[in-house]
S.K.: 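So that we are looking at the same thing, I have put the structure below in structure tokens.
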Amino acid sequence: MDKQKLNLRDLSEMKRQGRKISMITAYDYSFAVLVDGTPMDMILVGDSLGMVVLGYDSTVPVTMEDMIHHTKAVARGAKSTFVVADLPFMSYQVSTHEALRNAGRLLKEAGADAVKLEGGSTVVETVRSIVSAGIPVMGHLGLTPQTATMLGGLKSQARDAAAAKALLADAMLLEQAGAFSLVLEAIPAQLAEVVTREISIPTIGIGAGPQCDGQVLVIHDALGLFQRFVPKFVKRYANLGESVMAALSNYCQEVAEGRFPAPEHCFSMRKEELDKLLKG
Ligand code: KIV
């Protein structure tokens with residue numbers, strides 16, 4: 001497939017023309033290669049890796065080193081897809097200086113094209129300074145998993161008018177600070193529609209309805225690879241978890257019955273060599 005990596009201007013043009021933007025997470029080389037072979041516009045190396053790959057209960061324990069390790073693997077596989085990497089919890093909150101250094105690492109060391117961070121007015125100055133350094137930033141509002149405890153858990157957000165107004169104000173602040181795009185997670189579809197209309201940067205929804213400029217899903221959710229829980233906003237496009245278990249059970253059975261490996265999976269020796277071996 002002849003696919004060109006998108007740039008920031010392409011993404012903004014897609015919003016202007018009403019062409020929807022597709023995004024999915026990936027955390028390793030093999031999945032990055034698979035995603036790269038589809039028309040997917042963007043890959044997010046999300047800190048959701050903490051839950052779906054590393055087995056933590058939340059995204060909070062994810063470190064900069066985790067993000068760099070996984071983003072490097074994804075960048076090696078995704079040659080034609082725009083890669084956004086999450087700044088993990090506490091990598092951008094302590095100081096703007098530290099945020100800038102960590103954002104820079106995700107581009108320079110790991111090969112990301114842009115970074116994403118969570119929050120509204122409290123991170124606006126940080127976003128401004130990262131963008132001033134030439135690093136594209138994607139914002140993230142609504143359900144922000146890094147601070148889910150403060151939000152009362154992994155729950156939908158901004159369902160009353162006051163909270164919705166505050167979210168809209170945050171979206172505008174992030175746009176003014178130079179964010180190139182904004183993830184809206186688990187908010188009412190009507191609010192996402194208003195935000196999408198009121199800001200000129202693309203909104204990427206996850207549990208934010210169909211009016212966003214694009215959509216993002218966690219790949220393990222979309223492919224049925226994460227069984228612990230399925231958020232309401234997830235659509236399963238495949239049930240690979242079941243396929244994986246069926247395939248592995250089949251493998252176990254063939255090993256137990258001596259049916260694997262078959263002759264076509266074996267190497268052989270020439271007869272003279274075998275004779276020499278057997279006759280000592
Ligand atoms: O970490 C992640 O995968 C995310 C998406 C849910 C947007 O932030």
Side-chain angles (χ1 to χ4, degrees), residues 11 21-28 31-32 35 40-64 66-71 73-74 78 81-92 102-103 106 110 112-120 123 127 136-148 151 153-158 167 171 174 179-187 192 195-196 201-209 212-223 225-226 228-236:
L11 292 166
I21 299 167
S22 53
M23 187 182 208
I24 193 100
T25 65
Y27 315 99
D28 66 24
F31 270 106
V35 175
M40 196 72 65
D41 297 311
M42 290 196 277
I43 289 179
L44 172 64
V45 189
D47 59 357
S48 49
L49 88 87
M51 297 171 83
V52 300
V53 175
L54 302 178
Y56 296 129
D57 287 335
S58 77
T59 59
V60 168
V62 175
T63 65
M64 267 308 291
D66 292 332
M67 290 309 305
I68 287 182
H69 182 70
H70 286 271
T71 304
V74 169
T81 313
F82 192 88
V83 174
V84 182
D86 260 337
L87 277 162
F89 185 54
M90 293 318 286
S91 68
Y92 57 94
N102 285 327
L106 287 173
D113 298 300
V115 301
K116 174 166 85 58
L117 54 77
E118 296 181 4
V123 297
V127 170
V137 176
M138 179 179 262
H140 185 154
L141 292 175
L143 173 55
T144 44
Q146 293 175 5
T147 47
L151 302 174
L154 295 173
K155 289 185 178 158
S156 60
Q157 300 294 312
L167 189 143
L174 288 168
F180 74 93
S181 174
L182 187 54
V183 166
L184 297 175
E185 179 164 354
I187 63 168
V195 174
T196 301
I201 56 174
T203 57
I204 309 293
I206 175 163
C212 295
D213 298 303
Q215 299 292 327
V216 59
L217 280 177
V218 168
I219 197 162
H220 286 61
D221 290 336
L223 299 182
L225 284 166
F226 184 69
R228 215 157 74 205
F229 61 89
V230 185
K232 171 184 162 70
F233 50 73
V234 164
K235 177 169 177 185
R236 275 200 170 165

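Counting convention: from 1, in listed order, for ligands and their atoms alike. Keep in mind it's a predicted model, so treat the numbers as computed, not measured. Note: hydrogens, waters and symmetry copies are ignored here, and every other heavy atom, side chains too, is used.
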S.K.: Give the atoms of ligand 1, by number and element, whose distance to some non-hydrogen atom of Gly46 is under 4.0 Å.
M.R.: 1 (O), 2 (C), 3 (O)

S.K.: Tell me every residue that passes ring pair (Phe, Tyr, Trp, His ring centres under 6.0 Å) with Tyr92, counting only those two or more places apart in sequence or in another chain.
M.R.: none

S.K.: Hey, does Leu106 have a side-chain heavy atom less than 4.5 Å from the side chain of Ile68?
M.R.: yes

S.K.: What are the two closest non-hydrogen atoms of Pro202 and Ser181, and how far apart are they?
M.R.: O-OG, 3.0 Å

S.K.: Which of the numbered atoms in ligand 1 are under 4.0 angstrom from any heavy atom belonging to Asp86?
M.R.: 1 (O), 2 (C), 8 (O)

S.K.: Which of the numbered atoms in ligand 1 are below 4.0 angstrom from a heavy atom of Val218?
M.R.: 3 (O)

S.K.: Mind checking whether Val52 and Arg228 have side chains closer than 4.5 Å, heavy atoms only?
M.R.: no

S.K.: If you measure from each heavy atom of Glu118 to ligand 1, is any distance below 4.0 Å?
M.R.: no

S.K.: Counting C-beta onward and ignoring hydrogens, is there a side-chain heavy-atom pair between Ile204 and Met42 closer than 4.5 Å?
M.R.: yes

S.K.: For ligand 1, note which part of Leu49 has a heavy atom under 4.0 Å away: side chain, backbone, both or neither.
M.R.: neither

S.K.: Starting from atom 5 (C) of ligand 1, locate the nearest protein heavy atom and write down its residue, its atom name and how far away it is, to 0.1 Å.
M.R.: Leu44 CD2, 3.7 Å

S.K.: Measure the distance from atom 8 (O) of ligand 1 to every protein heavy atom, then report the residue, atom name and distance (to 0.1 Å) of the closest one.
M.R.: Lys116 NZ, 2.9 Å

S.K.: Do the ring planes of Phe31 and His220 sit parallel (below 30°), tilted (30 to 60°) or perpendicular (above 60°)?
M.R.: tilted

S.K.: Should you measure from each heavy atom of Ile206, which atoms of ligand 1 turn up under 4.0 Å away?
M.R.: 6 (C)

S.K.: Under 4.0 Å from ligand 1, counting heavy atoms only, is it the side chain of Asp47, its backbone, both or neither?
M.R.: both

S.K.: Hey, is Thr59 touching ligand 1 through its side chain, its backbone, both or neither, going by heavy atoms under 4.0 Å?
M.R.: neither

S.K.: Should Gln157 and Leu167 count as side-chain neighbours, where that means a heavy-atom distance under 4.5 Å?
M.R.: no

S.K.: Less than 4.5 Å apart, any side-chain heavy atom of Val35 and any of Ile219?
M.R.: yes

S.K.: Quick test of your reading of the structure: of Gly142, Ser48, Ala85, Gly207, whose heavy atom lies closest to atom 1 (O) of ligand 1?
M.R.: Ser48

S.K.: Hey, which atoms in ligand 1 end up nearer than 4.0 Å to a heavy atom of Glu185?
M.R.: 6 (C)

S.K.: Which of the numbered atoms in ligand 1 are below 4.0 angstrom from a heavy atom of Thr25?
M.R.: 3 (O)

S.K.: Pick out which of Glu185, Met23, Gln215 makes a side chain to side chain contact (heavy atoms under 4.5 Å, CB included) with Ile206.
M.R.: Glu185

